[in-house]
There are 4 protein chains.
Amino acid sequence: MVNADECLREAVPETKDRILEAALLVFGEKGYHNATMAEIAEAAAVGKGTLYWYFSSKEKLFSGMVEHGLGLLERKLRAIISDPTLSFPGLFKRITGYYLEFAYTHRHLARIFLNSLHNLHDNDELHNQFLQLHNRFNKLNSELIRRGYREGYLRPDLETERAETALAGLLSAFIGRCILIDGDHQLAAEADFMYDCFVNGLGRR
Amino acid sequence: MVNADECLREAVPETKDRILEAALLVFGEKGYHNATMAEIAEAAAVGKGTLYWYFSSKEKLFSGMVEHGLGLLERKLRAIISDPTLSFPGLFKRITGYYLEFAYTHRHLARIFLNSLHNLHDNDELHNQFLQLHNRFNKLNSELIRRGYREGYLRPDLETERAETALAGLLSAFIGRCILIDGDHQLAAEADFMYDCFVNGLGRR
Amino acid sequence: MVNADECLREAVPETKDRILEAALLVFGEKGYHNATMAEIAEAAAVGKGTLYWYFSSKEKLFSGMVEHGLGLLERKLRAIISDPTLSFPGLFKRITGYYLEFAYTHRHLARIFLNSLHNLHDNDELHNQFLQLHNRFNKLNSELIRRGYREGYLRPDLETERAETALAGLLSAFIGRCILIDGDHQLAAEADFMYDCFVNGLGRR
Amino acid sequence: MVNADECLREAVPETKDRILEAALLVFGEKGYHNATMAEIAEAAAVGKGTLYWYFSSKEKLFSGMVEHGLGLLERKLRAIISDPTLSFPGLFKRITGYYLEFAYTHRHLARIFLNSLHNLHDNDELHNQFLQLHNRFNKLNSELIRRGYREGYLRPDLETERAETALAGLLSAFIGRCILIDGDHQLAAEADFMYDCFVNGLGRR
DNA sequence: TATGAATGAGTTTTCATTCAT
DNA sequence: CATGAATGAAAACTCATTCAT
């Protein structure tokens, strides 16, 4: 039996969640610098002061929102990579495919993440947070690559660091397309292409 | 024969050039939103009003600066691609190598370019300018890919658009490393790696 | 005989008293404008709303606190002045000495009192309250002066109002020193000096 | 010959002076915390931004204004004290009389100065500035007292520091009356009384 | 051409106060 | 009695832009 209170709580998300959703919307639409706290407050249907009750500054709200949103992605990716039944090719396609899917459904967040690294270097605190965030995803990617290596799918003389860079580049380029171009993407097909490109290259045999 | 005017022009760069250089420095250091016209004026050693004599707004100064800086890169790349003596592998490595070299010596500009696309979407005018700029470079890249295709280095069934995306991704990822990581990079070696990855893939044969 | 209620009251001061103490601490430390209700609530270990149950506004809390604190001083001074066994010199030194002692042990309150008159004139309600407060102490001082006059210690042609002003000036200057300068003060010696200065002057005979 | 420009400059005070006057008016009327930059700007008939062109913060404007205003007083007092033709009694009355006169015509400034010491202790920078200011005036007063001592008007066993405190107390109390009470004051008579009180005391001979 | 004082709209942030629980 | 989440008015401060000189 669920009481009335809980029903209500489901129907109208808790204030903090409403704020996080509004922040995602507005920051995603306008970028960090052009978004105003007033807009976010309005979008969340709360007073400006309420924002500051939950987050001590615009900066903290921004980073809180990113952490919240990308936490979901990270947990899902970790779940996929922990699946022992998948061998490298399947794993690669599941991972990259999920990246694309996530970016497709959370464009704002994806855009923010793609820009964050080079873009917030005027702000030490935020910049460091994003460096750490990128590192976490890089480690995840690097785990994927090591799996390919151990299972014998990748070259024995592989330079891991460069391979990671290449993978990250492919990922962000295809994610970028999902964001920029509307209309339906064949996400699975894109993942297949990325695998083919990464493993076999685009050269003639 | 060099006339007096030109001598002077060499010694003390014309006002407009000083402004463009100062803009590059300041925008590159602080990003579009955190840079102020006052800082740029000071860095250029001119009055704030002078900025507005040459550029009607901050926005126009920014885009003028990007156009100015990347114009150099574009011309150089076109010169390389027009060289008939180079076959695809050499051409690919010259092109990508020059991208890296340019990014390495013009970090600020490179950073601005990498971010610009996703980052300025709050500003229609600037955003469109950058879309066009990216298109110009994409066309250049696509020309490179078609060369590889025509010369038989790339797969007969190549999906050109996706190949372009992949190339752009590789490029920006390796450019990003040049920017973020100090210390000397083996730019030529990176270009070789990119070629290998793009054409042969990283898979075991 | 002490009943249970009083025991409890001793152990855990009643909410209102805790608030008054906290207000004294925080207002004294930060001044009226820089103190926040939130800080006071925290210092009193009550919720912010509780403050408003006892005092209808920040202003009322402030004036309540002053009244509470200076009430003690006033009652004590009245007790001294009512003592029929003291003649003018002893009375003067007891009174001024107690002023100094009180200021020394209640620095916050003393500081607030010293400033209040000139400082809160932007706030009619508070300002009037402090005018009245000062008047009450001035009357006390004037009583002291009249005693000196009646007992023949002071000039027959004394201009009472000016004498009051002079006494008030001496008092606040020496009180100010107690507040500003740490370390032990010879409070009794200061009181003696004040008497000497007030009655005999500092000129050579 | 005075040209039109200079005439104009006389008629409409330079912007910075207008700001300083407006600041004196508004800070004096409302106190530091209750005065707003917007009000001061309006009183000076300039835009809010202009305030910040001349003073980097509210704090700096406040301290600039005090320095400006009290600088006048200090210079005048120094001129008086340097007059070799005056002996102690005349000097004392001239000095104290000028204090009163200045306070009477610059009530706002006088009020600010009286409160500053105890009142701004929440703000380190301002507080230190005022400590120094008070020290400068204390040195001036102490010079006056040493003159009286050297000329044999004051007791041979004088405790200088206490005498300074007493003088400062008398001064601020009488200055305070000038500020609080409207109507004409017999400033010269007050100065005479202060001398009498300080040197001879109010006791019967 | 070049300048820099002047502007004010727009932003983040604070905090006394309220009120449903 | 007591709480603390929610509010919004108000304040300091920034900075692109203008314009008289």
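Note on naming: letters A, B, ... go to the chains in the order of the sequence lines (proteins, then strands), and numbering restarts at 1 for each one.
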- Task: Could you walk me through whether B:M65 and B:F62 pass side-chain contact (heavy atoms from CB on, under 4.5 Å), step by step?
- Result: CA-CA 5 Å; B:M65 173 212 77; B:F62 185 71; 4.0 Å; yes
Rounded to whole angstrom units, what separation is found between the [atom1] atom of [X] and the [atom2] atom of [N]?
X	N	atom1	atom2	answer
D:K60	F:dC13	NZ	P	11 Å
D:Y52	E:dA6	OH	P	16 Å
A:E59	E:dT13	CD	C1'	14 Å
B:F55	F:dT17	CZ	C1'	16 Å
B:L51	F:dC15	CG	P	15 Å
A:L61	E:dT11	CG	P	16 Å
D:Y32	F:dA12	OH	C1'	10 Å
D:K16	E:dA6	NZ	C1'	16 Å

- Query: Between D:N34 and C:H33, does any side-chain donor sit less than 3.5 Å from a side-chain acceptor?
  - Reply: yes
- Query: Is any side-chain nitrogen or oxygen of B:T15 closer than 4.0 Å to OP1 or OP2 of E:dT1?
  - Reply: no
- Query: Want to settle it: does B:Y54 or A:K58 sit nearer the 5' end of DNA chain E, counting the closest nucleotide to each?
  - Reply: B:Y54
- Item | Residue closer to the 5' end of DNA chain F, C:W53 versus D:S57 (nearest nucleotide) | C:W53
- Query: So what's E:dA20 paired with, Watson-Crick or G-U wobble, going by both distances under 3.5 Å?
  - Reply: F:dT3
- Report the base-pairing partner of F:dA10 (Watson-Crick or G-U wobble, both distances below 3.5 angstrom), or none. E:dT13
- Task: Go through residues 37-50 of chain B and report each residue with a non-hydrogen atom lying under 4.0 Å from DNA chain F, sorted by number.
- Result: B:M37, B:K48
- To the nearest 0.5 Å, tell me how far D:L70 CG sits from D:L109 CG. 4.5 Å
- Item | Spacing of CD belonging to C:E14 relative to OH belonging to C:Y54, to within rounding of 0.5 Å | 7.0 Å
- Task: Using the side-chain contact (heavy atoms from CB on, under 4.5 Å) rule, take B:E67 and B:Q129 through it: C-alpha gap first, then chi angles, then the decisive distance, then the call.
- Result: CA-CA 9 Å; B:E67 203 68 44; B:Q129 193 209 344; 2.9 Å; yes
- Measure the acute angle between the ring planes of D:F27 and D:Y32, then classify it against the limits of 30° and 60° as parallel, tilted or perpendicular. parallel
- Task: Please confirm whether the backbone N or O of D:T36 pairs with a side-chain atom of D:E39, one donor and one acceptor, at under 3.5 Å?
- Result: yes
